[in-house]
Structures are given as C-alpha cells and as structure tokens.
2 protein chains.
Amino acid sequence: MKENSSGKFSAAVNCPIRQVLDRFGDKWSILVVELLSGKGRLRFSEIGQHIGDISQKMLTVTLRSLESDGLISREIFPEIPPRVEYELTALGKSLVPHIESLTGWGVEHLDAILQNRKAYELRQKKTTY
Amino acid sequence: MKENSSGKFSAAVNCPIRQVLDRFGDKWSILVVELLSGKGRLRFSEIGQHIGDISQKMLTVTLRSLESDGLISREIFPEIPPRVEYELTALGKSLVPHIESLTGWGVEHLDAILQNRKAYELRQKKTTY
DNA sequence: AGCCTTACTTACTTTTTAGTAACAATCGTG
DNA sequence: CACGATTGTTACTAAAAAGTAAGTAAGGCT
C-alpha cells in the first residue's frame with residue numbers, strides 16, 4: 001500500500017486533516033489551550049497544578065510549541081524566583097470554539113460510545129466461543 | 001506535580017477533553033471518518049487506497065476500534081475473495097461536522113502558524129548567538 | 001497442483017512519545 | 001552559607017504507537 005504517484009493527493013496524504021492532527025494529536029496541547037481559555041492568564045506552575053498530572057518537561061515542551069505556533073504568548077517577569085505568565089493570543093482564542101465543538105460532541109455521546117464498546121466485546125466473546 | 005486528591009478534578013484529570021483525545025488522538029481514526037463521510041460506503045481495500053500510506057495492520061486496527069465504538073458499520077459479503085464494506089453510522093455522521101469545524105480552522109490558519117514558527121526559530125537563533 | 005484474489009492476523013522491529021530524576025540559575029532569608 | 005522558591009534543561013528510561021513482512025483462509029482459474 002504505497003503513496004500514489006499522481007499529482008493529486010488521494011484524499012488523505014498531506015491533507016489539512018493530517019496537519020491539524022499532527023499539531024494537536026499530542027497529549028497536552030489542546031488541554032493547555034482549553035485551560036488558558038477558561039482561566040485567562042496563568043503562570044507556569046499554575047498551569048501544572050490545574051492539569052494535575054503533567055510533568056515539568058512536558059509542560060515546557062507543550063508551552064514552547066504552542067508559543068512557537070503563535071497560539072499562546074509568554075511574558076517573563078524579571079523577578080527572583082522567576083515568574084512567567086502565559087495567555088492565549090487572538091489566534092489561540094480563535095481555535096477554542098472549534099475544540100469545544102468537538103468536546104461537546106464527546107460529552108454528549110460518550111455514554112453511547114462506552115455502551116457500544118461493551119456490546120461489541122460481548123459479541124466478540126460469543127462468536128469466539 | 002501530582003494528581004490532586006480532592007474530589008473535584010483540577011480542570012483536567014479525567015475531563016471530557018481527554019477522553020475525546022484518547023479516542024481520536026491516533027493517526028488514522030479521524031481520517032477514516034472523514035473519508036467515509038465523503039465517499040459513503042467503501043470496502044477495506046478502497047479505504048487503504050484512498051488514504052494511500054496506511055498499513056493493512058493499522059487499517060484493520062483503526063476500523064475495528066471505530067466499529068467497536070459504533071461510529072462505523074461493517075458488512076461482510078460471503079464471497080470469495082472476501083468483500084467487506086464500511087460506512088458511517090448515524091453516530092459517526094454526527095461527528096463529522098465537528099471534525100470539519102476543526103479542520104476548517106486548520107486550513108484557514110495554517111499559513112499563519114507556519115509563519116509564526118519560522119519567526120520563532122529566527123528569534124531563537126538571534127538570542128542564542 | 002499451483003497461483004490469484006481480498007481481508008485479515010501474527011510476530012517482530014522500529015519509531016515516537018512521554019515519564020523520571022537530577023541539575024542550573026538567582027536572590028532573599030534564617 | 002545552606003535553603004527555598006520558580007522556571008526551566010538534560011540525560012536516561014519506559015511505554016505506546018506504528019511499521020514490516022510473513023502467514024491464513026477459501027474457492028476459482030489455468
């Protein structure tokens with residue numbers, strides 16, 4: 001199953017969906033965007049505390065890539081101990097409703113999905129036996 | 001940075017956003033849903049050809065998990081060689097607009113993001129030097 | 001008898017992603 | 001003069017995701 005060699009893409013290779021997924025398919029980016037959307041402006045440690053189980057390393061990595069893409073801004077206060085505050089840029093804010101559209105669907109249909117999964121498992125067991 | 005022990009979740013642990021990400025953060029699921037949304041009903045090999053660079057294994061895995069969640073249906077035709085056709089269920093179809101909302105944003109802002117990235121790289125080089 | 005087809009499955013390897021833990025920088029405080 | 005506070009970085013490790021390649025089934029065709 002190889003890439004087709006025509007000039008056009010076969011509905012998938014290098015399509016915009018992939019680029020969005022490559023960017024937001026990671027574990028923390030969308031979570032940080034949503035958090036900053038709800039809380040406004042937060043410092044490094046506050047984001048970590050709100051998320052609860054993110055490591056310092058991944059928080060740094062995630063914030064850097066969001067900053068690099070222009071979705072959040074980073075302000076350093078020259079104090080000791082250091083203080084750094086993050087908030088969504090206009091671009092970041094423009095993304096929020098689209099995330100919430102998706103998570104809204106998730107909330108609405110999560111129960112149905114879990115029930116489907118259970119039913120599927122049962123079907124598998126039956127036919128295996 | 002540990003999970004907080006209060007009954008409430010700190011805006012993130014076990015929140016719906018994570019469940020959606022856990023489900024659709026993989027490389028192929030959303031792609032398959034979008035494809036079936038556009039093409040209607042497709043057989044296994046056709047999906048593979050349209051996507052272009054998915055392995056048989058990952059296509060099977062992806063289709064199984066989508067089926068298990070009730071997002072797609074699977075019909076086996078008892079022929080030889082075998083024929084199996086997939087299409088979105090009502091639940092799967094209900095997800096499509098939300099995906100397209102997100103990818104629409106991606107298309108609209110991808111250039112800006114790429115430019116931001118470039119500008120960020122340059123800033124890094126300057127201050128490192 | 002051997003090859004073709006399609007839709008898988010399985011075992012194994014590689015790649016990617018994330019976690020852990022220790023260290024750096026810097027100044028105020030006890 | 002060690003310690004704490006905060007925001008990181010770095011090296012190393014573990015785990016998850018994905019890729020590769022070979023095998024399976026079952027009947028039709030030559």
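Chain identifiers are assigned alphabetically (A, B, ...) following the order of the sequence lines, protein sequences preceding nucleic acid strands; residue numbering begins at 1 within each chain.
- The residue Lys57(A) sits close to a base: some heavy atom pair falls under 4.0 Å.
- The interatomic distance linking Leu59(B) (CG) with dG19(D) (C1') rounds to 14 Å, in whole Å.
- Residue Glu79(A) contributes atom CD, which lies 16 Å from atom C1' of dG4(D) at whole-angstrom precision.
- Candidate nucleotides dC27(C), dA18(C), dT7(D) were compared by shortest atom distance to the side chain of Val84(A), and dT7(D) ranks first.
- Rounded to an integer number of Å, the gap from Glu46(B) CD to dT5(C) P is 16 Å.
- Nearest-nucleotide positions on DNA chain C place Gly25(A) closer to the 5' end than the other of Gly25(A) and Pro82(A).
- The residue Tyr86(B) sits close only to the backbone: its heavy atoms come under 4.0 Å of sugar-phosphate atoms, none of a base.
- Side-chain atoms of Thr60(A) lie closest to dT9(D) of the nucleotides dG19(C), dT9(D), dA7(C).
- A donor-acceptor distance shorter than 3.5 angstrom exists from the side chain of Thr62(B) to the backbone of Met58(B), with no hydrogens or angles considered.
- Between Arg64(B) atom CZ and dC8(C) atom C1' there is a gap of 7 Å when expressed in whole angstrom units.
- Between the CG atom of Asp26(B) and the P atom of dA18(C) there is a distance of 13 Å, given to the nearest Å.
- The separation between Trp28(A) atom CH2 and dT17(C) atom P is 15 Å, rounded to whole Å.
- Side-chain N or O atoms of Thr103(A) include none that pairs as donor or acceptor with a backbone N or O of Gly106(A) at under 3.5 Å.
- Distance from the side chain of Met58(A) is smallest for dG19(C) among the nucleotides dG8(D), dG19(C), dA7(C).
- Residues Pro81(A) and Arg74(B) both approach DNA chain C. Their nearest nucleotides, taken by heavy-atom distance, put Arg74(B) toward the 5′ side.
- Taking only side-chain nitrogens and oxygens, Arg83(A) never comes nearer than 4.0 Å to OP1 or OP2 of dT7(D).
- Between Leu42(A) and Tyr86(A), every side-chain heavy-atom pair lies at or beyond the 4.5 Å cut-off.
- Between the CD atom of Gln56(A) and the P atom of dG19(C) there is a distance of 13 Å, rounded to whole Å.
- In this structure, Ser37(A) and Glu100(A) approach most closely via the heavy-atom pair OG-OE2, 4.5 Å.
- Considering Arg83(B), Arg43(B), Arg41(B) as possible partners of Glu75(B), the one that fulfils the salt bridge (charged side-chain N to carboxylate O under 4.0 Å, His left out) test is Arg41(B).
- Ranking dT9(C), dA18(D), dT7(D) by closeness to the Lys27(B) side chain, first place goes to dA18(D).
- Note: CD1 (Ile80(A)) to P (dA24(C)) measures 17 Å, nearest angstrom.
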